[in-house]
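Here the structure is a predicted model, which means the values were calculated and not measured. Lettering follows sequence order; numbering is per chain, from 1.
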Amino acid sequence: MLQSGMITMEHGSGGQATGELIGEVFASAFDSEVLNRMEDSAVVPGSGRIAVTTDSFVVTPLVFRGGDIGRLCVCGTVNDLLMRGAVPRYITCGFILEEGLEISLLGQVVKSLAKTAREAGVEVIAGDTKVVEGNGGLYINTTGVGFVPEGVDIAAANAKAGDAILVSGTMGDHHAAILAERLQIQTEIESDCAPLGEMVRGLVEGGIRVRTLRDITRGGLGTVLKELAEASGKCFVLEESAIPVSAAVRDFCGLLGLDPLYMGNEGKLAAVVPAEQAGEALEILRRSPYGSGAAVIGRVEEASENAKAGELLMKTPLGGVRKLTILQGEGLPRIC
Amino acid sequence: MDLEKIKKYLKEYSGPELKIMEVCGSHTGAIAKNGIPGLLSDRIRLISGPGCPVCVTPSSYIDRLIQLCLTPGTCVVTFGDLMRVPGSRMSLQQAAGMGGRVKMVYSPMDVFPLAGREPETCFVFAAVGFETTAPVYALMVREILEEGIGNIKLLTALRTMPGIIDRMCAAGADIQGFLAPGHVAVVTGSRAFEPLAAKYGLPFAVAGFTGPQILAALGGIVRTCEEARKGKAAGRVMNFYPSVVTREGNEEAQALVDRYFAVSDAVWRGMGNVTGSGRILREEYAGLDAGSADLTEDHKINAGCCCDRVLMGKMRPSECPLFQKVCTPLHPQGACMVSTEGSCYTYYSNHRE
């Protein structure tokens, strides 16, 4: 019944309407014992080194090619935990709903969130719903909790000279998919939003001495690797021709004057691993359905006169060298 | 000549120093992205010219857009690049933050559905660009007239390439050859540069935008300069982009532009008034103009800004005292640091030196 209506201020009252909304939309989708207790806070087991991350999701449109805000918020959160080598366990979701939101759309998003959480192996253990005036929008804030196994030390500053730099697939897909939706440009491009647990587990359990992991989100590969170069005090040197970009994203970027190196993903990681394990790491990444396009794209070098500490250099197919910096401003389309 | 031979030729060139200007902002970007400076002999220096339409727009134009967007019942429609360009007091983005109505679009034609939905609002399109973009504005004017649309106007800042190149050469610029803008030449044809090549005895190479296309054109310029030292004439136009550029250009587009826009003088940021270097709506269509004619004032927001000298090729962006210190893409002091096609932006974001 509820599934056909719209969100009104009443749904945020804390009274009967709120109860119905939670019962029909949230509780049924999550089916969590912890949630079903309806306590003020969740009490869950766990011990050891805890990884915690929080994130807010404000994407429009709410549903896009390749995903929706529900899937996105789980992927974004668990991927942040994974990048420190943590095993994601729990997630909390705070929903801010705008008046006029279709309840059926909310239901679709919540179901997708629950499905992705199951795929990523995390349990939704706490939630909140608020309603604000507005125009049918929906925002989700999440907190993720994971546990870091003994002996795992994955951090931004760990890259060593000689290490190989890998990415798990093509660059810019999520950003291009969202932009295409917003500009109403018809493309084949789909968001790549995906949980990266299988890949990270594969690397850690496969004995790869992973130095650094980063999910390549806002700011794109250029920004992410520049930050890693700075954090480690090394020079990162890339081969432009080795960086995977799909033909559709390349054409889309060409059309709008955008650079795929500065376009975000939501289901791709960059990894720094010892050079002698690069081949093995590549195979592990490619075994995951989300890592079939993985590639070795460059290596870490000791700082020198031509490759200063904290620099990100890229060898172009012509044999030139381009120095990359972090994303400046927003990627605006060019005008001529 | 194949690519490897051209690369070897350009790397091993050992003659007198050659300064070659890439006039087009897209070339400036492509040169940085391909790492081309590192592929050239240190006797060949590339200089970025005034080929970014946003960068050459005077501050009074931005001020006028700001005034319009803050006027009740008026909405300014623009491409993204213009949003952050400093006017004399603020940028359009800041004006939007103060309640001004600004709508960013990706195609000029997007203004029509906007205007259809809100007939009481006057939509002013910020029509900025070179010969490449002018035909689109001409199509826009044609549609406004044919459909009898009463609530779309244009504030134009249309510039043309030959006029400004002529001004630079006449002012004694120390340049031995020009990488001519490929996209502009698609419309104007390569012949648009012939009078300049003849007048100043300089080579012009129309180039595409891939690394190999740019290198081939540079190779053509350097070779012509070397031949000139043996007595051959250097003043000629070479077409290294024949897949899309012809000598005559797109005559249909040229006619369309001529039909609605007359040649005019134009003020370029930091360079003043340049005779015959612009386009403005013809008198009979002046009703569609939102006040473009009298925008001649130009004001630096930071007295130290050297955009004018950068645009004229007299200074590299990295030589400006503000560059990378107080002037960055997030806090631009001049227009060249705003647009992704601006010389300063490209030098900054690619660490080009």
Counting only heavy atoms from other residues, nucleotides and ligands, does the tally under 6.0 Å from CD of Gln324(B) exceed 12? yes
Donor-acceptor pairs under 3.5 Å, side chain of residues 231-240 of chain A to any protein atom, not counting sequence neighbours: which ones?
residue: Ser232(A); atom: OG; partner: Leu228(A); partner atom: O; Å: 2.9
residue: Ser232(A); atom: OG; partner: Ala229(A); partner atom: O; Å: 3.3
residue: Ser232(A); atom: OG; partner: Lys234(A); partner atom: N; Å: 3.4

Does CG belonging to Asn135(A) count more than 12 external heavy atoms closer than 6.0 Å? no
Would you say NZ of Lys103(B) has more than 12 non-hydrogen atoms from neighbouring residues, nucleotides or ligands within 6.0 angstrom? no
Between chain B and each of Ile326(A), Leu261(A), Leu324(A), count heavy-atom pairs under 4.5 Å; write down the option with the most. Leu324(A)
Give a yes or no on whether Arg43(B) atom CZ has more than 12 heavy-atom contacts from other residues, nucleotides or ligands under 6.0 Å away. yes
Please give me the minimum heavy-atom distance between Tyr106(B) and Leu256(A), naming the atom from each residue. CD2-CD2, 4.2 Å
Verify the neighbour count for atom CZ of Arg218(A): are there more than 12 heavy atoms of other residues, nucleotides or ligands below 6.0 Å? no
Under 4.5 Å from any heavy atom of chain A - which part of Pro212(B): both
Minimal heavy-atom distance between Arg322(A) and Lys33(B), with the atoms involved, is CD-O, 3.3 Å
Quick one: which residues of residues 294-319 of chain A reach chain B at under 4.5 angstrom, heavy atoms only? Thr316(A), Leu318(A), Gly319(A)
